[in-house]
J.: 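Below you'll find the structure I mean.
Note that these values count all heavy atoms, side chains included, but never hydrogens, waters or copies made by symmetry. Proteins get letters first, then strands, A, B, ... in listed order; numbering begins at 1 in each.
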Amino acid sequence: MSEKLLFKDIDEPGLTTLAVYEARGGYESLRKALQMTPEEVLKQLEASNLRGRGGAGFQMGKKVSFLPHGSIEKYLVCNADESEPGTFKDRELMQKNPHMLLEGLIVASYAAGTTRSFIYIRGEYAQQADVLDAALREARAAGYVGEDILGSGHSLSLLVHRGAGAYICGEETGLLDSLEGKRGNPRLKPPFPANQGLYQGPTLINNVETLSTVPSIIRMGGEEYARLGTEQSTGTKLVSVSGHVRRPGNYEIELGVPSREIIYGLAGGPEEGRTVKCWFPGGSSAPVLTADDLDVPYDFESMAKAGSMLGSGAIIVVDDSTSILDVALKTAKFYRHESCGKCTPCREGTNWTVKMLERIDRGEATPMDLEIMASVQEHIIGHCLCVLGDAMAMPIGSMIAKFKGEFEAHMETRRLEAQVPAGASA
Amino acid sequence: MPRPQEKIITFTIDGKEVQAPENAMLVDAAKQGDVEIPVFCYEPKLGNPVGACRMCLVEIEGIGKLQTGCSTPVKDGMVVNTQSERVKEAQRAVVEFLLINHPLDCPVCDKGGECPLQDITFGWGPGISRFVEPKRHFVKPLELSSKIAIDRERCILCYRCVRFSQEISEDYQLVLLERGAHSYVSTFDGHPYEAPFSGNIVELCPVGALTSRPYRFRARPWDIEDAGSVCTLCPSQCNVTLTVRDERVLRVQAREHPEVDDGWLCDRGRFAYPALGGIRPADGTGTVDPGERITEPMIRDGGELRAVSWERALEEAAAGLTRAGERTGALVGGQTTNEEGFLLARTVREGLGSPHIDSRRAGTLGLELHRALNDPRLQARVSDLEFAHAVLVLATDPIEDAPILDLRLRKGARRHGMRIVQATAADLLDAERAGGLVGQLGEAGEEVVILWHERLTAGPDGAASARALLDLAETLSLADTDGAGLLEIPAGTNGRGLREAGVLPNAGPGLSDVADGLDTQGIADGLIAGELSCLYLLGTDPSQDPATDSVWEQAFERASTVIAHAMFLTDGIRAHANVVFPAQAYAEKEGTIVHPDGRIQRLRPAVAHPGATRSEWQVLADLAKLVGIDLEVLTGPMASQQLFDAVPFYEGLTLQEIGGKGVRWQERRQAAAVS
Amino acid sequence: MSSSPATSRGWDQPADLEKDPATIPDPATTPVPDALRREIEAHMALYPDTRSAALPALQAAQRVHGWCSPEAIEQAACVMRVTPAELDAVVTFYDMLETEPVGASSVYVCTNISCSLRGADALYDAMREAAGEDAAFNVRAFECLGACDIAPMASVDGVYVGPLSIEDVPRLLEDVRAGRDVLPDKQLVKRACADAGAGSGA
Ligand SMILES: Cc1cc2nc3c(=O)[nH]c(=O)nc-3n(C[C@H](O)[C@H](O)[C@H](O)COP(=O)(O)O)c2cc1C
Ligand code: SF4
Ligand code: FES
């Protein structure tokens, strides 16, 4: 059983209160960090090699180091939008251990020299936002948040900002526009948020899980943390497992364990008599893998090598009872609904893809359409303003490539069904 | 504020080495090597690129993904490829995506023939569409406002129009609603998009989604001609392109001049054109009721104005003038050209021996003040409004007085953090408040522009205000600071030019000394008192001004002869003029006018005169002969040349030098001549 | 101020040339309920740029008006000193802001992949049918609500419940109608972590 850092006390009764959190050693890491210089804290983060848990897997320490120095107002924004289909780990962390997130966030703000901070939480997570607000009140009263934290000279204002239902607001620049009170359209990069982010100021954006890991890194020391996991994927990771498994839920694993161990060992695998048809290893934006890939180690680099990605760490398992067309249609419809509409390939490409899939489903398509659909995915990938377009095109492209035969068979059956004259079926 | 410095670098595009300013966006830099990168959303006038349409994807060596040329600044040594199969496929893909929902109703689209979507589809598109699903359908076209129609089927969601509303005119009335493929351009809850600059979105739209309602179906691009001129409807003097068909101005579009209008037009300038040609606007779509354009000379006969021959009208006018002689007073309207004003001043002064001529309504201002305010070292440029540290907006509301300058101020504030300070004439005359202004302005930086309106120098405090203004300029060292200075918005479009041409009661050409005459108010009083007997009106009807209409009513009553050049029969002229000469609209004129910042600009005739209308310079030359003076003007350019010779600081100027972009006399070598 | 019905929104709607342009609402002619004004102003005070308060302001206006009606938008715009169009652009971007009048109790049924693999589509149909014409409910199919561990699930006025079977539907609606805590045995917040090795103070 792997080491538990994030889930160590997760079901401890009353953990959301400051008293219980402190009794379990809470805010010790913050005290420790404030004894160090911000540069030393940053060194620990860099040594830990912690990679962002929001989806892109960028080294957190490096991102902090990109922020310009000096006295300009800088911002830290915690991305708690968690809207990637299949992902629900941040929810459990915020629900049950809000102070761990606050503590990590305060330490990160100290390392990055940011004095204003926001937690952007998706509007649907009203219960979790309430928990965070309550925890924040306690933390403020205890002097962990506010002016001159614990006499360190470091100050931080913090606000929980609730979204209102838009997946694209999880994309970091869409999030910033949304936080500025606008439509959550992604921005052109560069400039990157580290240089020009919220209110045009330098901004560090990190995921809930990323920040929640920071107290452990400070407690253990960066190098010690880096011993967990693999060389390029250090530490532990929460994995949300859902779909056709017997025990769906969040599991904390050490990065690098075989995927099979997560899907079958922890989550129990598909129901008796069913087999894994395909699985999304990192949310619905990740290209699908098949049963052949079950032994791929669950870490950033192995997933990339297998042609997919670790993404947000959400495994969605689809068993052999489900048609690939249904999975493709659900996936494509989600991205069409969530496309912000700003750039052409994503707006039109997601819409066109859904229409083609629907036509296949109606039995009005030919194998030629499958080729067109594949080429449309190619025309989206790498051509969009943000990666939401790719997030549809990559999984859809992977489904067409890996399940071409099933698509074609499906088309043929539906086509024949459609040809049956009305009434003849009765 | 320091303006961006340009450094020239060398980069390679499609195998060619090309030089371009460093950090220019690739799509602009590419033009230096005659390479065209197609764009839809990119429009530098709208501010930072948004990278939305993805039409401009190019390959840059060393970068894996294709990059948007509209947002990639060019660097020394960059190697760019726009012709690889990868780039071409991406371009074809974007066109294919855009055409998915575009109705391709080009034959009935006003944009047809001048449509970027058409051109780019032809040049870069795939040639076929693989999209076989039904296209979306909306009701179309719909009214977006009284002036603009919207066809949402054609919209390609390039963001240009909404960026204009939000980031340029800052009226924030036009937005995108909904998300993704459902997004559409709209206003709030069915309110019309009515704002002072709304018409610019028609020009910005790269497809036929936004069209001008007055222009709809008026012409197809292949049967029109374009003519460049300058809008004379307000002192902003925006550069325009007039769209002409069958000797009619059908449309007015911006002709971008970074030192004048920045490429924008206000709605008055854009939509008032039906009046220019005297065309009645299509039902209910015009913004101006043109009334009946006067197209023949008229004289009063039995109490009524009736059309007569030019000979008859000229004789009648000459007789009136000769009778009155030095008891003639002349008023010149703000849209009058320099040449017209100059020729009339010569006729009145030299031909009739009368010193009574005025183009200002603000009363006499001492000649030494006029000269001091005209000091070339004190003159700010329009672009200084954008780059200054602070602008003092004094006794003016630019949106009313010179709308396009309002956009420039907003741009300065938004893009460069320029500070805007507002003040009234009373603030300036109050020592304490004036001191406060100095503090506020000085705090922002040394480059300060004072944007002030001629009304500051009106009335009993006019001279004191002018002096206070000069003192303030002195305190702030505006004369010695680059990028600082004064910028006056005159009451009339060509107020500055007329002043410089000597159309003042106390100044001759180039603000030279003359025998003092009566100013506007003095002329009214003189007529009422019977000291003057003839009133000459060149493009003005003073009874239109509600502040002085009762005075002028009396003056008109008492005048024995009233001669007017007019396009329309306004009330005063209809009731009192003895002779009316049909006047030209600006689209018919040739001559020069002077921008508030000293830029001499050329008007060029785009359409022929309607009816029997003749050029004013010609009428004035003919009339002068009849009152005994030969102005020696046989052509429009001869009149211009005479003026240039008469004004010392215009010395050596030629129409050719003025060209299509104008020239600021302060920036010419002869600038010293005035001081 | 505005009286146009919800159905007049949308892309087939021309501008009404009789109306004035929708500039920043005049406080003199745009009455705003006091409590709403205070709530919006309190949000505005929390941000370095008051515009950031757009979402909280609209959420507050929606609570008062039941949906983001033109009137609700005008009131929020009036307090925030922005044009109503600026806020309408925001309203129509976000799924949780309603652009038409809806029932007071929202039931979001997740129909995204993980839930649909476990029967969410049938659940949604059943929910709609059971709620029927009852104007008290706003039953909507929603994208992934971040609770695939309790698939298929629903969010009832923000309270997550699942896994739901079709049999749970009448009880769920009844709880809401009665103003009771909804399906107490199925609430997400009461579940233990799935990770057996996870600590609870061990
Ligand atoms: C369409 C889209 C949706 C995203 N949604 C989320 C999200 O819900 N939560 C999150 O943390 N990151 C999300 N991301 C990733 C963020 O852009 C960003 O990389 C991340 O928040 C950085 O934090 P990290 O470095 O700690 O992972 C999303 C990215 C894209 C393109
Ligand atoms: S209406 Fe025209 S300018 Fe506006 S988004 Fe559509 S295509 Fe672009
Ligand atoms: S012109 Fe570059 S993205 Fe539109």
J.: Is it true that, when you exclude B:Asn48 itself, more than 12 heavy atoms of the residues, nucleotides or ligands shown sit nearer than 6.0 Å to its CG?
T.: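 No, CG of B:Asn48 has 12 or fewer neighbouring heavy atoms, counting only those of other groups under 6.0 Å.
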J.: Pick one of side chain, backbone, both or neither for B:Ser183, based on which atoms fall under 4.5 Å of a heavy atom in chain C.
T.: backbone
J.: Closest heavy-atom contact between C:Ala15 and B:Pro192?
T.: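 It is CB-CA, 3.7 Å.
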J.: I would like to know whether C:Trp11 and B:His182 meet side chain to side chain contact (heavy atoms under 4.5 Å, CB included); could you show each step before the answer?
T.: CA-CA 9 Å; C:Trp11 40 32; B:His182 293 296; 3.7 Å; yes
J.: Please identify, among C:Asp95, C:Val90, C:Thr23, the residue contributing the most non-hydrogen atom pairs under 4.5 Å to chain B.
T.: C:Asp95
J.: Measure B:Val139 against the heavy atoms of chain C and call it side chain, backbone, both or neither at under 4.5 Å.
T.: both
J.: Might you point out which heavy atoms bring C:Gln13 and B:Gly190 nearest each other, and give the distance in Å?
T.: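 Reported closest heavy-atom pair: NE2-CA, 3.7 Å.
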J.: Is C:Glu129 atom CD crowded by more than 12 heavy atoms from other residues, nucleotides or ligands, each under 6.0 Å away?
T.: no
J.: Can you tell me how far CZ of B:Phe188 sits from CD of C:Glu86, rounded to the nearest 0.5 angstrom?
T.: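 That separation rounds to 12.5 Å.
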J.: Can you tell me which portion of B:Leu144 sits under 4.5 Å from chain C's heavy atoms? Options are side chain, backbone, both or neither.
T.: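 Backbone only.
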J.: Salt bridge check: are C:Asp12 and B:Lys140 linked by an N-O gap of less than 4.0 Å?
T.: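 Salt bridge flag = no for B:Lys140 with C:Asp12.
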J.: If you look at every heavy atom in C:Ala89 and B:Leu176, which pair is closest and at what distance?
T.: CB-O, 3.4 Å
J.: Would you give the length of the straight line joining atom CG of B:Leu177 to atom CZ of C:Phe93, rounded to the nearest 0.5 angstrom?
T.: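 The CZ atom of C:Phe93 is 12.0 Å from CG of B:Leu177, to the nearest 0.5 Å.
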J.: Donor-acceptor pair, distance only, cut-off 3.5 Å: does the side chain of B:His191 make one with the backbone of C:Pro21?
T.: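 Judged by distance alone, no pair lies under 3.5 Å.
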J.: Would you check if the side chain of C:Thr83 reaches a backbone N or O of B:Gln173 as a donor-acceptor pair within less than 3.5 Å?
T.: no
J.: Sort B:Tyr193 into side chain, backbone, both or neither according to what part of it lies under 4.5 angstrom from a heavy atom of chain C.
T.: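 Neither the backbone nor the side chain of B:Tyr193 comes within 4.5 Å of chain C.
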J.: What is the distance from atom CG of C:Asp88 to atom CG of B:Asp189, rounded to the nearest 0.5 Å?
T.: 7.5 Å
J.: Shorter than 4.5 Å, heavy atoms on both sides: which option in B:Ala195, B:Ser145, B:Ser186 has the most such pairs with chain C?
T.: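 Among the listed options, the one with the most contacts to chain C is B:Ser145.
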J.: Taking the side chain from C:Thr92 and the backbone from B:Glu178, do they hold a donor-acceptor pair closer than 3.5 Å?
T.: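 Yes, the answer is positive, given that a donor and an acceptor are paired below the 3.5 Å cut-off.
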